[in-house]
Asker: 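Below you'll find the structure I mean.
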Amino acid sequence: MGKTLAYKILENHLVKGELIAGNEIQIKIDQTLTQDSTGTMVYLQLEAMDIDKVKTELSVAYIDHNTLQTGFENADDHAFIKSVAKRHGILFSKPGNGICHQLHLENYGKPGKTLLGSDSHTPTGGGLGMIAIGAGGLDVAVAMAQGIYSVVVPKVIKINLTGKLRPWVSAKDVILEILRILSVKGGVGKIVEYTGDGIESLSVTDRATITNMGAELGATTSIFPSDERTREYLASQGRENDYIPIAADKDAIYDEEINIDLSSLSPMAAKPHSPDNVDTVENIGKIKVNQVAIGSCTNSSYSDLMKVANILDGKSIHQDVSLVVSPGSSTILKQLAKNGALAKMISAGARIIENACGPCIGMGQSPESGAVSLRTFNRNFKGRSGTLDANVYLVSPETAAISAITGYLTNNLDSSDILDDIDNIIFEKNDNFVIYPEGTNKKNTPVVMGPNIKPFPRNNSLPDQLKITVGLYTGDNITTDDIMPSDSRLLPYRSNIPYLANYCFEKIDGDFANRCKEIDSVAIIGGENYGQGSSREHAALAPLQLGVKAVIAKSFARIHRSNLINSGILPLTFKDITDYEQIELLDKLIINNAVNQLNNDYIEIENITKGFSLLAKNDFSDLEKNMLIAGGKINYIKSL
Ligand code: MIC
Ligand code: SF4
């Protein structure tokens with residue numbers, strides 16, 4: 001029987017377990033990446049594991065999220081990460097070098113390898129034919145310390161692409177169409193694998209746009225084969241030696257199949273406030289636009305920005321629009337500066353901002369009250385732009401640029417304007433933004449720790465009787481941005497969980513943190529896909545700080561579920577989802593014989609206030625049970 005590409009790479013990296021969908025396996029991790037807003041926790045945890053050198057082939061620490069240094073906090077975090085990187089043989093990418101995923105694609109990703117990153121958009125690397133998975137920080141720290149990662153084998157969906165995109169339609173429209181079909185939970189427990197004649201016409205950066213936003217499907221990862229286009233891309237980055245061809249077998253069996261004819265697609269947009277709320281630009285109509293933001297790890301490649309520069313060439317940005325552009329990397333910015341593309345954008349009235357995540361994570365450029373903001377980013381969750389009443393639409397670079405000129409959401413399909421093909425160029429590299437770890441070691445490099453860096457909270461082992469009170473009752477698709485909001489005000493406190501915890505669920509229920517302080521042990525009730533979005537383990541650590549011991553939900557997003565378990569918080573799934581309706585805020589719940597019940601098929605929870613019992617599924621692997629009993633992953637590792 002033929003094999004999928006995903007399973008071929010997993011098989012090559014199998015350390016323990018059987019490669020059957022639903023089984024837990026351990027795989028060897030070749031590379032890791034961290035960024036600064038999750039990185040401080042990762043490196044505090046790595047230090048707690050007391051290792052000498054990392055066990056991976058390559059580990060990179062990027063600084064790209066918290067680059068707005070309005071106080072000492074962010075710069076202190078950068079200095080901390082730099083010192084730990086030196087101690088353990090980790091490559092350090094300085095602020096200003098660019099966005100982690102774009103940089104990793106350009107410089108380090110390799111077909112056939114595995115990459116684990118403490119950022120949910122790590123699957124960007126799938127555009128190069130690697131298995132690139134986003135995970136919680138502790139899982140990445142363990143992967144650095146031990147070189148392995150435990151994962152439940154996902155099913156594999158095949159997306160068969162045929163035909164060729166029309167001018168003004170781009171890779172972003174492909175992934176928006178897939179989000180329209182599958183929704184933000186359609187990829188949970190799955191790897192999305194792309195095949196078909198259509199992929200030949202997609203460059204590696206187009207493919208990376210598609211695999212990047214596979215995160216929004218909830219997928220474990222997404223992957224394209226490595227082919228001639230991959231070789232071309234690696235050669236343009238001066239890395240042709242890293243090329244190997246790799247693809248699925250012709251007769252590979254998939255769990256599901258979707259066919260998409262690229263030539264039938266039109267420009268699309270994800271409407272407020274979810275990446276799967278997708279329609280065509282034409283159907284949405286000519287809405288007036290206040291802000292256009294181009295960049296992020298989804299759409300900040302050289303070819304994306306060259307298209308933008310060519311569309312803006314000789315034109316003027318509409319007087320009511322603020323256009324901001326953040327290039328993906330220093331190499332791209334340098335190239336745009338040298339070939340005159342940057343001048344074209346500036347002449348048109350674009351604001352060029354730092355090569356960093358910036359507005360994508362609310363680090364500046366929040367739009368005006370009630371604004372319509374078109375963004376080439378990957379998430380449009382309510383409030384993420386930093387303006388609670390903004391309406392954010394996710395679009396392609398082409399749609400963003402033309403709309404910035406007209407001042408309204410524009411589909412330029414019928415125009416006679418031709419978009420030039422972007423030539424393949426050889427990028428000029430320099431290493432001035434990178435610190436290599438050679439020649440340093442743990443003994444001669446002290447950890448540098450500013451006053452804002454506080455120890456992370458640790459849980460206690462699971463008690464035999466768990467008495468919990470419902471501290472929050474939420475609905476479907478709660479995001480990690482809802483749980484632990486992130487913007488320029490809160491991001492500087494990513495290393496200070498006690499402070500950050502005061503803002504937990506702030507946008508949904510401003511009383512939550514104070515309520516928790518009145519309750520001993522807290523339970524949260526959630527709907528479907530609880531914890532979708534970011535990999536930030538702060539969405540587990542802040543609740544842990546507030547005494548949350550269990551989340552009972554209809555279903556969970558993959559990374560957040562792992563983060564809860566790593567923190568020793570029980571993520572329990574309703575056996576019968578009608579029980580969700582029977583629970584109310586402040587109900588008192590008891591789980592008797594909690595430890596023993598982890599051996600049963602279902603876990604019984606008594607609702608003392610309402611006088612009934614409900615069942616939760618016991619869907620934990622043996623390793624997960626051990627971590628829950630120990631009160632989290634670090635406690636478990638230390639107990640071995
Ligand atoms: C995001 O896009 O939400 C982030 C910010 O990159 C997060 C990581 C974080 O919260 O630090 C992610 O996607 O994992
Ligand atoms: Fe940065 Fe935005 Fe990408 Fe997250 S999604 S890594 S914040 S650019």
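Side-chain atoms are counted along with the backbone in the values below, which use heavy atoms only and exclude waters and symmetry mates.
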Asker: If you round to the nearest 0.5 Å, how far is CG of Leu217 from OG1 of Thr221?
Answerer: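 The OG1 atom of Thr221 sits 11.0 Å away from the CG atom of Leu217.
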
Asker: Does any non-hydrogen side-chain atom of Ile591 lie less than 4.5 Å from one of Leu572?
Answerer: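 SC-SC contact between Leu572 and Ile591 confirmed.
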
Asker: Are Ile90 and Leu46 packed together at the side-chain level, in the sense that at least one heavy-atom pair is separated by less than 4.5 angstrom?
Answerer: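 Yes, their side chains come closer than 4.5 Å.
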
Asker: Do side-chain atoms of Thr211 reach the backbone of Pro123 as a donor and acceptor pair under 3.5 angstrom?
Answerer: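 Checked: pair present.
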
Asker: Work out which heavy atom in Ile175 is nearest to a heavy atom in Gly214; give both atom names and the distance.
Answerer: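 Shortest heavy-atom contact: CD1-N, 4.2 Å.
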
Asker: For the residue pair Asp64 and Asp36, what are the closest heavy atoms and their distance?
Answerer: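 Looking at all heavy atoms of both residues, the shortest contact is N-OD1, 3.0 Å.
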
Asker: Do Ile552 and Asp579 touch side chain to side chain, with heavy atoms closer than 4.5 Å?
Answerer: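 Ile552 vs Asp579: side chains apart.
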
Asker: Can you tell if the side chain of Ser567 reaches within under 4.5 Å of the side chain of Leu541, non-hydrogen atoms only?
Answerer: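 In short, these two side chains touch, coming nearer than 4.5 Å.
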
Asker: Donor-acceptor check, side chain of Glu506 to backbone of Pro485, threshold 3.5 angstrom: yes or no?
Answerer: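 Absent.
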
Asker: Taking it one step at a time, do Glu11 and Ile25 satisfy side chain to side chain contact (heavy atoms under 4.5 Å, CB included)?
Answerer: CA-CA 10 Å; Glu11 195 173 68; Ile25 54 167; over 6 Å; no

Asker: Any chance you could measure Lys549, atom NZ, to Ile519, atom CD1, to the nearest 0.5 Å?
Answerer: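 The NZ atom of Lys549 sits 13.0 Å away from the CD1 atom of Ile519.
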
Asker: How close do Asp487 and Pro492 get, counting heavy atoms only, and between which atoms?
Answerer: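 Closest approach of Asp487 to Pro492, heavy atoms only: O-CD, 4.2 Å.
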
Asker: Are Lys633 and Glu537 close enough, and set up right, to give a salt bridge (charged side-chain N to carboxylate O under 4.0 Å, His left out), and what steps lead you there?
Answerer: CA-CA 13 Å; Lys633 189 164 189 151; Glu537 57 192 351; over 6 Å; no

Asker: Evaluate Ile634 against Phe456 for side chain to side chain contact (heavy atoms under 4.5 Å, CB included), listing each step before the verdict.
Answerer: CA-CA 11 Å; Ile634 295 226; Phe456 56 90; 3.9 Å; yes

Asker: Should we count NZ of Lys28 as having more than 12 external heavy atoms under 6.0 Å?
Answerer: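 Yes, enclosed.
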
Asker: Could you tell me whether the side chain of Asn391 and the main chain of Pro272 form a donor-acceptor pair under 3.5 Å?
Answerer: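 Here the side-chain-to-backbone pair does not exist.
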
Asker: Can a side-chain donor-acceptor contact be found between Asn378 and His121 if the only test is distance below 3.5 angstrom?
Answerer: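 The answer is yes; a qualifying pair exists.
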
Asker: Do Asn514 and Asp511 touch side chain to side chain, with heavy atoms closer than 4.5 Å?
Answerer: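 No, every pair of side-chain atoms sits at 4.5 Å or beyond.
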
Asker: Show your working on side chain to side chain contact (heavy atoms under 4.5 Å, CB included) between Val392 and Arg384 and close with a plain yes or no.
Answerer: CA-CA 9 Å; Val392 176; Arg384 184 172 159 103; over 6 Å; no

Asker: Look at atom CD of Glu581 and say whether more than 12 heavy atoms of other residues, nucleotides or ligands are closer to it than 6.0 Å.
Answerer: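 It does: Glu581 CD has more than 12 such atoms within range.
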
Asker: Do Tyr43 and Val447 come within less than 4.5 Å of each other through their side chains, counting heavy atoms only?
Answerer: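 In short, these two side chains do not touch, never coming nearer than 4.5 Å.
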
Asker: What do you reckon, is NZ of Lys271 surrounded by more than 12 foreign heavy atoms closer than 6.0 Å?
Answerer: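 More than 12 heavy atoms, drawn from other residues, nucleotides or ligands, come within 6.0 Å of this atom.
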
Asker: Take the angle between the ring planes of Phe556 and Tyr530 and call it parallel below 30°, perpendicular above 60°, tilted in between.
Answerer: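 Taking Tyr530 first and then Phe556, their aromatic rings stand perpendicular (interplane angle over 60°).
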
Asker: Between CD1 of Ile181 and CD1 of Ile260, what distance do you get to the nearest 0.5 Å?
Answerer: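 It comes to 4.5 Å.
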
Asker: Over all heavy atoms of both residues, which pair between Gln26 and Ile148 is shortest? Give the atoms and the distance, please.
Answerer: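 The answer is OE1-CD1, 3.5 Å.
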
Asker: So does Asn529 get a backbone contact from the side chain of Ser555, meaning a donor-acceptor N/O pair under 3.5 Å?
Answerer: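 Indeed, once roles are kept as given, a pair shorter than 3.5 Å links the two residues.
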
Asker: Do Thr469 side-chain atoms and Leu586 backbone N/O form a donor-acceptor pair below 3.5 Å?
Answerer: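 Checking the backbone N and O of Leu586 against the side chain of Thr469, no donor-acceptor pair under 3.5 Å is found.
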
Asker: Rounded to the nearest 0.5 Å, what separation is found between the CG atom of Asn477 and the CD atom of Glu528?
Answerer: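 Here the interatomic distance stands at 8.0 Å.
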
Asker: If the threshold is 4.0 Å, N to carboxylate O, is there a salt bridge linking Arg515 and Asp509?
Answerer: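 Yes, Arg515 and Asp509 are salt-bridged.
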
Asker: Whether the side chain of Lys554 engages the backbone of Gly475 through a donor-acceptor N/O pair (distance < 3.5 Å, no angle test) should be reported.
Answerer: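 It does not hold such a pair.
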
Asker: Salt bridge between Asp481 and Arg536, side-chain N to carboxylate O under 4.0 Å?
Answerer: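 Yes.
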
Asker: Identify which one of Arg379, Glu216, His560, Arg558 satisfies the side-chain hydrogen bond (donor to acceptor under 3.5 Å, both in side chains) criterion when paired with Ser120.
Answerer: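 Only match with Ser120 under side-chain hydrogen bond (donor to acceptor under 3.5 Å, both in side chains): Arg379.
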
Asker: If you compare all heavy atoms of Ala135 against all heavy atoms of Tyr149, which two are closest, and at what distance to 0.1 Å?
Answerer: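 Distance-wise, the nearest heavy atoms are CB-OH, 4.0 Å.
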
Asker: Nearest 0.5 angstrom please: Met484 CE to Leu490 CG, how far?
Answerer: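 So the gap between those two atoms works out to 5.5 Å.
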
Asker: When you look at Asn502 and Lys517, which way does the side-chain hydrogen bond (donor to acceptor under 3.5 Å, both in side chains) test go after all the steps?
Answerer: CA-CA 10 Å; Asn502 295 317; Lys517 289 173 191 158; 2.9 Å; yes

Asker: Test side-chain hydrogen bond (donor to acceptor under 3.5 Å, both in side chains) on Thr40 and Asp77; report intermediate values, then the result.
Answerer: CA-CA 7 Å; Thr40 45; Asp77 283 352; 4.6 Å; no

Asker: Distance-only, no hydrogens or angles: does the Lys190 side chain make a donor-acceptor pair with backbone N or O of Gly186 under 3.5 Å?
Answerer: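 Yes, Lys190 side chain to Gly186 backbone: donor-acceptor pair under 3.5 Å.
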
Asker: Given Asp119 and Thr122, is the side-chain hydrogen bond (donor to acceptor under 3.5 Å, both in side chains) satisfied, shown in steps?
Answerer: CA-CA 6 Å; Asp119 190 280; Thr122 304; 5.1 Å; no

Asker: Ignoring hydrogens and angles, state whether a donor on the side chain of Glu24 or Ser150 is under 3.5 Å from an acceptor on the partner side chain.
Answerer: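 There is no such pair between these side chains.
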
Asker: Taking the ring of Tyr7 and the ring of Tyr254, is the distance between their centroids below 6.0 Å?
Answerer: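 Aromatic pair excluded; centres sit 6.0 Å or further apart.
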
Asker: Return yes if some donor-acceptor pair links the side-chain N/O of Asp476 with the main-chain N/O of Gly527 below 3.5 Å, else return no.
Answerer: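 Judged by distance alone, no pair lies under 3.5 Å.
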
Asker: Ignoring hydrogens and geometry, is there a side-chain-to-backbone donor-acceptor pair from Asn66 to Leu491 under 3.5 Å?
Answerer: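 Yes, Asn66 side chain to Leu491 backbone: donor-acceptor pair under 3.5 Å.
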
Asker: Cationic tip of Lys454 within the cone over Tyr499's six-membered ring, i.e. under 6.0 Å and within 45° of the normal?
Answerer: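 No, cation not above the ring by the 6.0 Å, 45° rule.
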
Asker: Determine whether Lys625 and Asn618 make a side-chain contact, defined as any pair of heavy atoms from C-beta on separated by less than 4.5 Å.
Answerer: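 Yes. Closest side-chain heavy atoms under 4.5 Å.
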
Asker: Without swapping roles, check the side chain of Asn635 against the backbone of Ala630 for a donor-acceptor pair under 3.5 Å.
Answerer: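 A pair under 3.5 Å: yes.
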
Asker: Working to the nearest 0.5 Å, report the span between CG of Asn566 and CG of Leu628.
Answerer: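 Separation between the atoms: 9.5 Å.
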
Asker: Quick check on side-chain contact (heavy atoms from CB on, under 4.5 Å): which of Gln31, Gln35, His104 does Val60 satisfy it with?
Answerer: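 Result for side-chain contact (heavy atoms from CB on, under 4.5 Å) with Val60: His104.
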
Asker: Given side chains that start at C-beta, do those of Leu546 and Val522 come closer than 4.5 Å, heavy atoms only?
Answerer: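 No, their side chains stay 4.5 Å or more apart.
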
Asker: How far apart are the closest heavy atoms of Thr32 and Ala143, and which atoms are they?
Answerer: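 Heavy-atom minimum between the residues: CG2-CB, 4.1 Å.
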
Asker: Report the C-alpha separation of Arg375 and Asn380 in whole Å, then their side-chain angles, then the decisive distance to 0.1 Å, and conclude whether the side chain to side chain contact (heavy atoms under 4.5 Å, CB included) test is met.
Answerer: CA-CA 8 Å; Arg375 299 178 159 218; Asn380 58 347; over 6 Å; no

Asker: Would you call Asp520 and Lys467 a salt bridge, using N to O less than 4.0 angstrom?
Answerer: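 Between Lys467 and Asp520 there is no salt bridge, as every charged N stays at least 4.0 Å from the carboxylate O atoms.
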
